[in-house]
2 protein chains.
Amino acid sequence: MRIAILGGTGDIGEGLALRWGYHADHELVIGSREASRAGTKADAYETELDSRGIDVTIEGRANADAAAGADAVVLAVPPYHVTDTVEAVASELVDADVVISPAAGMKRDETGVHAHPPSAGSVTELVAGAAPAEVPVVGAFHNLSAGRLADIDAELGIDTLLVGDDEGAKEIVGLLAEDIDGLRALDAGGLANAAEVESLTPLLLTVAQHNDGLHDLGVRFR
Amino acid sequence: MRIAILGGTGDIGEGLALRWGYHADHELVIGSREASRAGTKADAYETELDSRGIDVTIEGRANADAAAGADAVVLAVPPYHVTDTVEAVASELVDADVVISPAAGMKRDETGVHAHPPSAGSVTELVAGAAPAEVPVVGAFHNLSAGRLADIDAELGIDTLLVGDDEGAKEIVGLLAEDIDGLRALDAGGLANAAEVESLTPLLLTVAQHNDGLHDLGVRFR
C-alpha cells in the first residue's frame, strides 16, 4: 500500500514513518509544505532505518504531490492546519481509499492541558467535513506518544482507537495500525465518538505530568 | 476509616462496598434516601461477603445519618442527583476528611454514548461547588465497570484517576483506592482535569460495545 504522511516531518509523522518502515512493507512518502524539507526528513528516516538493517526507500514531496496516487493519506498536521492542508490537496484525495486523522485539539492554560475541540466537535469530524465526499475519513493514532513511537526500541503494548462511518475504510486503517508491533487497533464506532477519543490525548499528558516514572504514555483497554 | 457510600444501593456503590469489605478493614456504611433500602442492601453485601468467608458488619442508614461521623463520603449517586444529595447532607459533611465523586455525566443518542458534562465542566466540579467549603472534594473511581467491581472474582489490573485541588485529601483517596487489589491510583492533577477524566467513561462503554470479547472495561496507562 502507498501511504502518504502529510506533515510527516513532525513528531507523530516521524513515529508512524519509522514504525511502518521498520515493521511493514509499504511504499512511504513524506509530505510537507516544502518539498525540500520533506526530502531531508525522508532521507533522515531512511538513514535511521538503515542503521537498524532495514533497507527501505522513503520519498519526500510537497503535500499535494505526496497525496497524489496514495492509497492512504495521513493528516499528521496540527489541528489548526488541518483544513488548509485538506483544501490544498483535495483534488489528490478523491482516489485514495482513506484519509486518516490523528490530531487532537488541545489547549494549555494555568490549570494544565485540556481538550479543546473545534466547533465541528472533533478534529476528525473537521477533516471529514473538509475532505471530498468521495473519500472516507477515519480517526486513528490519536492516543500515542510521538516520542515513544519514534523510538523503535520502545515497546508499545498499547491500543489505538479507530473512529469512522465507513467500515471498509476503518478495516484498512486497523490493518495498518496492527502492522506496528505492539499496537492493537480497537473499534470506537462512528465519527461522532471522535470527541471522546481526542479527549484522551490531553489526559495522557496530564497523567504523565503528575506521576513520577510514567512518561510517553499510551493506554490499554482491559 | 469510616466510609459512607451515599447511593450505596446502586451499582458502583455495591462494587465499592464489596471490594472494600473484601480487601480492606474499614467501617462501611451504606446510605440511601430510604434507610430501609440501605439496610436491606447492607445486609445483602454482608451475606455476599460472608459466603466468601469474610465476616464484616456493613451498616445501612438514610444518607444524612450515613454521612454523619464518616471520614470519607462517597457520592455514588447519578449526576442529576448529586446536587440534591450534597445539599441534603451538607451539615454532616463539614467534619469529613474528604468527599469522593465517582459519577460522570453521559448522554445516549442515536450515535452512541457521549460525554455530557454539567455546566460546571464536570460532575466532580459540580460536587465541589455544592459541598461545604471546609471539606475537600476528590474525583475518583469514574472509569471502573461497576459489574466487574462487584464481581470479587474478577481481576482488575486497571487504573483509577484522582483529581482534586487538596493534595492531602487526594492522598487519602489514593490509599483507599489501592486498598482494592488490582487497582492502581494515578494522580490526574486538579479538579480542572475532571472533565477529561469523566469523558473516558463513555469511551469505555463505546469500546466495549464495538469490540467482541471486550466488556466491563477499564483502562491501564502504560
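The model shown is predicted, which means the values in this text are computed figures rather than measured ones. First the proteins, then the strands, lettered A, B, ... as listed; each starts at 1. Hydrogens, waters and symmetry mates play no part in the numbers below; they use all other heavy atoms, side chains included.
- Contacts between A:I158 and chain B at a heavy-atom distance below 4.5 Å involve the side chain alone, from C-beta outward.
- No side-chain donor-acceptor contact under 3.5 Å links A:R148 to the backbone of A:A154.
- Looking only at distances, no side-chain donor or acceptor of B:R184 sits under 3.5 Å from a matching main-chain atom of B:R220.
- Taking a cutoff of 4.0 Å between a charged side-chain nitrogen and a carboxylate oxygen, A:D71 and A:R2 do not qualify as a salt bridge.
- Dense packing is recorded around CD of B:E134, with more than 12 heavy atoms of other residues, nucleotides or ligands lying under 6.0 Å away.
- For B:E171, the CD atom counts as loosely surrounded, since its 6.0 Å shell holds 12 or fewer non-hydrogen atoms of other residues, nucleotides or ligands.
- Among B:L161, B:T111, B:L186, B:D109, the residue making the largest number of heavy-atom pairs under 4.5 Å with chain A is B:L186.
- A 6.0 Å sphere centred on CG of B:D25 holds no more than 12 heavy atoms belonging to other residues, nucleotides or ligands.
- Only the side chain of B:L214 has a heavy atom closer than 4.5 Å to any heavy atom of chain A.
- Proximity to chain B among residues 195-208 of chain A is limited to A:E196, A:V197, A:S199, A:L200, A:P202, A:L203, A:L204, A:T206, A:V207, judged by heavy-atom separations below 4.5 angstrom.
- Heavy atoms closer than 4.5 Å to chain B are found nowhere in A:L191, neither backbone nor side chain.
- Ionic pairing of A:R222 and A:D159 is not present here: no N-O contact between side-chain nitrogen and carboxylate oxygen is shorter than 4.0 angstrom.
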